[in-house]
Visitor: 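Shown below is the structure under consideration.
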Amino acid sequence: MKVALVAAEMAPYAKAGGLADVIGALPAALAECGARVSVVIPGYRCALAALRTATVGGEYRVRVGNQDERFRLRSGIGPGGVAVFLIEHDGYFGRDGIYGEGGRDYPDSIARYVFFGRAAAQVLADFIRPGVVHSHDWHSAVLPIVMRADPQLHERFAGTASLFTIHNVAFQGLCDAAQFALLNIDPAYFSIDYLEFYGQINLMKGAVVMADAASTVSPTYAREISSDPAFGFGLEGVLRAKGPRFVGILNGADYSEWNPATDHRIAARFGPGDTAGKAVCAAALRERAGFDPKSRRALIGMVSRMTAQKGFDLLAAALDDLMELEVDLIVLGSGEPQFERRLRAAERTWPRRVRLSTAFDNDLAHQIQAGCDMFLMPSRFEPCGLTQMYALKYGTAPIVRATGGLADTVVEFDPSSESGNGFVFNRYERGEMIGAIGRALDIFGRPRAWKRLMANCFAADFSWSAAASRYMELYRQLRADRTR
Ligand code: ADP
Ligand code: GLC
């Protein structure tokens, strides 16, 4: 089985969030299942600097709107020995950022990713020739669209199955109808059955409709976005119409990157059998944060894009309540300025108990996972969420809202049966969140129970192999349908 994954991010070469982690780990897991895997990503400046590559073939050319765009193809070897192909185009991708700079998206993001989809289609048709094309999120939505809507590509991909995975339905690649010309497909596709969405173009909708199947990254999120307008952002009906061809497959965690027993970004190694190292990590983190080293308070961490999706409005509203409890708080993340301001103010009020870092700092992300007692994710919605899985691996109890992948991975700890691996609240309300933190602190104050909870955290296993087998099964089904 020859599979090509196409996406806008891939760890460790180009990362803005969890999509990168998935594309960095899933290919190797698929290869373990016997697939021959290639990955196609944009040749951003950071990616070309991070991966040793060689140019493949000569100059390629695709049409975007009325422009001939020339690009080069570079290839290198990625994690697990998979082939990584980068689309090198100086104008679109030779920039300092991935999606933007200084907190602002690049103004030509639609053109950039229309180009990317077109270029990927060309490279796949001419060079890689996969049996399955698996594209991810709106940035690679143009690929499954042109595979079927462009007459030439339609023929060349006749036997090729396509799967489109949604990592976040809040970002759909919406743009003005005037941009339709960029796609160079029949205007008939600007209709309600395809790309048209309340007068605009919706690339994600087009991909869901035109790919052979669609999926998302957890079973609960699959249910939420196909049934509830508060989650589906207008795509509920389209997803429902896909019927059994829309599924939720829970992501995995990459334990070669996130494992306290082997992690060299943290102060000491530890694991289920030996937790002494965790105390060393906690002390190092407290010192780095400038916290009182002798504090007996619980240390709560967050590593997250700072947006309303992630529950930062709830956190902002609950900071005073939180500080009345016996906790210290360390947050790594950047995003919406109002949340940064609120946390900066809290830092000034409680300099020895609250710390915010707005860097993108993978070392600190690991140190927070390792050094904290609890990991907070009060998300409004969460397609999967990877950081709660990482927290579990580091014996750090997740406190989460029961939504999307959080509901599929975290179970409330029950001190009487000693089952469960974290703390879960349901309604998106300050009081509910504070309640869950209160329950966590109650257990934290009972060392025997807390030890049991930590053991349950360590025991959780979300390795990629389970997800990879499910994708393989789906690929086989889609291939069979195509070649029948
Ligand atoms: P999302 O993709 O919605 O941002 P996930 O939980 O799936 O959420 O993945 C987030 C990934 O990004 C994790 O690997 C996390 O460690 C990383 N991350 C988020 N913010 C930062 C940051 N400021 N610095 C370093 N890593 C970060
Ligand atoms: C998105 C989602 C996150 C998910 C990640 C990887 O960024 O917000 O929940 O874990 O994609 O699938």
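We count ligands from 1, going down the list as the structure has it; atoms in each ligand are counted the same way.
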Visitor: Measuring from atom 10 (O) of ligand 2, which candidate in Gly404, Ala20, Gly385, Gly18 has the nearest non-hydrogen atom?
Guide: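 Of the listed residues, Gly385 has the closest heavy atom.
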
Visitor: Taking only heavy atoms of Thr387, which atoms of ligand 1 are found under 4.0 Å from at least one of them?
Guide: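 Matching atoms, with element in brackets: 6 (O), 13 (C), 15 (C), 16 (O).
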
Visitor: With heavy-atom distances below 4.0 Å as the criterion, list the atoms of ligand 1 near Asp21.
Guide: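 Taking each heavy atom of Asp21 in turn, ligand 1 has 13 (C), 14 (O) under 4.0 Å.
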
Visitor: Hey, are Tyr428 and Asp313 close enough side-chain-wise for a donor-acceptor pair under 3.5 Å?
Guide: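 There is such a pair between these side chains.
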
Visitor: Quick one: which ligand 2 atoms are inside 4.0 Å of a heavy atom on Pro383?
Guide: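 Those qualifying, in numeric order: 2 (C), 8 (O), 9 (O).
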
Visitor: For ligand 2, which atoms, with element, lie under 4.0 Å from some heavy atom of Val217?
Guide: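 Checking each atom against Val217, I get 12 (O).
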
Visitor: How far is atom 10 (C) of ligand 1 from its nearest protein heavy atom, and which residue and atom name does that atom have?
Guide: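 Answer for atom 10 (C) of ligand 1: Gly18 N, 3.6 Å.
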
Visitor: Counting only heavy atoms, which portion of Leu19 has something under 4.0 Å from ligand 2: side chain, backbone, both, or neither?
Guide: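 The backbone, only.
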
Visitor: Phe116 vs Phe93 aromatic rings, parallel, tilted or perpendicular, using cut-offs 30° and 60°?
Guide: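 Phe116 and Phe93: perpendicular rings.
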
Visitor: Among Thr307, Asp361, Leu386, which one puts a heavy atom closest to atom 6 (O) of ligand 1?
Guide: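 Result: the heavy atom closest to atom 6 (O) of ligand 1 is in Leu386.
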
Visitor: Which part of Asp21 is near ligand 2, with near meaning a heavy atom under 4.0 Å away: side chain, backbone, both or neither?
Guide: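 The answer is neither.
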
Visitor: Which residue and atom name correspond to the protein heavy atom nearest atom 12 (O) of ligand 1, and how close is it?
Guide: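 So the nearest neighbour among protein heavy atoms is Lys15 CE, 3.6 Å.
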
Visitor: How far is atom 22 (C) of ligand 1 from its nearest protein heavy atom, and which residue and atom name does that atom have?
Guide: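 Residue, atom and distance for the closest contact: Phe360 CD1, 3.6 Å.
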
Visitor: Please list, in number order, the atoms of ligand 2 under 4.0 Å from a heavy atom of Arg305.
Guide: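 By the 4.0 Å cutoff, the relevant atoms are 8 (O).
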
Visitor: Show which atoms of ligand 2 fall inside a sub-4.0 Å distance from at least one heavy-atom site of Glu382.
Guide: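 Near Glu382, the atoms of ligand 2 are 3 (C), 8 (O), 9 (O).
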
Visitor: Can you list the ligand 1 atoms lying under 4.0 Å from a non-hydrogen atom of Arg305?
Guide: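 Taking each heavy atom of Arg305 in turn, ligand 1 has 1 (P), 3 (O), 4 (O) under 4.0 Å.
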
Visitor: Only heavy atoms count here, so choose which of Glu9, Lys310, Glu382 is nearest to atom 8 (O) of ligand 1.
Guide: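 Residue with the shortest heavy-atom distance to the ligand atom: Lys310.
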
Visitor: Taking the six-membered ring where the residue is Trp, are the ring centres of His139 and Tyr99 under 6.0 Å apart?
Guide: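 Yes, close enough.
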
Visitor: Just which atoms of ligand 2 are under 4.0 Å from any heavy atom in Asn251?
Guide: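 Matching atoms, with element in brackets: 6 (C), 10 (O), 12 (O).
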
Visitor: Taking 4.0 angstrom as the limit and counting only heavy atoms of Asn168, give me the atoms of ligand 2 inside it, by number and element.
Guide: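 So the atoms of ligand 2 that pass are 8 (O).
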
Visitor: Should you measure from each heavy atom of Leu386, which atoms of ligand 2 turn up under 4.0 Å away?
Guide: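 Contacts of ligand 2 toward Leu386, numbered from 1: 10 (O).
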
Visitor: Any atoms of ligand 1 less than 4.0 Å from a non-hydrogen atom of Tyr390? List them with their elements.
Guide: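 Counting atoms of ligand 1 from 1, those under 4.0 Å from Tyr390 are 14 (O).
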
Visitor: Run the numbers for me: atoms of ligand 2, each under 4.0 Å from some heavy atom of Gln309, listed by number.
Guide: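 Reading through ligand 2 atom by atom, the close ones are 8 (O).
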
Visitor: In the protein, what heavy atom is nearest to atom 18 (N) of ligand 1, and what distance, to one decimal place, separates them?
Guide: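 Among all protein heavy atoms, the one nearest atom 18 (N) of ligand 1 is Val303 CG1, 3.8 Å.
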
Visitor: Could you tell me whether Ala359 approaches ligand 1 through its side chain, its backbone, both or neither, with non-hydrogen atoms closer than 4.0 Å?
Guide: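 Near ligand 1, Ala359 shows its backbone, while the atoms from C-beta on stay back.
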
Visitor: Would you check whether Gly385 reaches within less than 4.0 Å of ligand 1, judged by its heavy atoms?
Guide: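 Heavy atoms of Gly385 do come under 4.0 Å of ligand 1.
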
Visitor: When you compare the side chains of Lys2 and Ser38, does any donor N or O come within less than 3.5 Å of an acceptor on the partner?
Guide: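 Note: Lys2 and Ser38 side chains miss the donor-acceptor criterion.
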
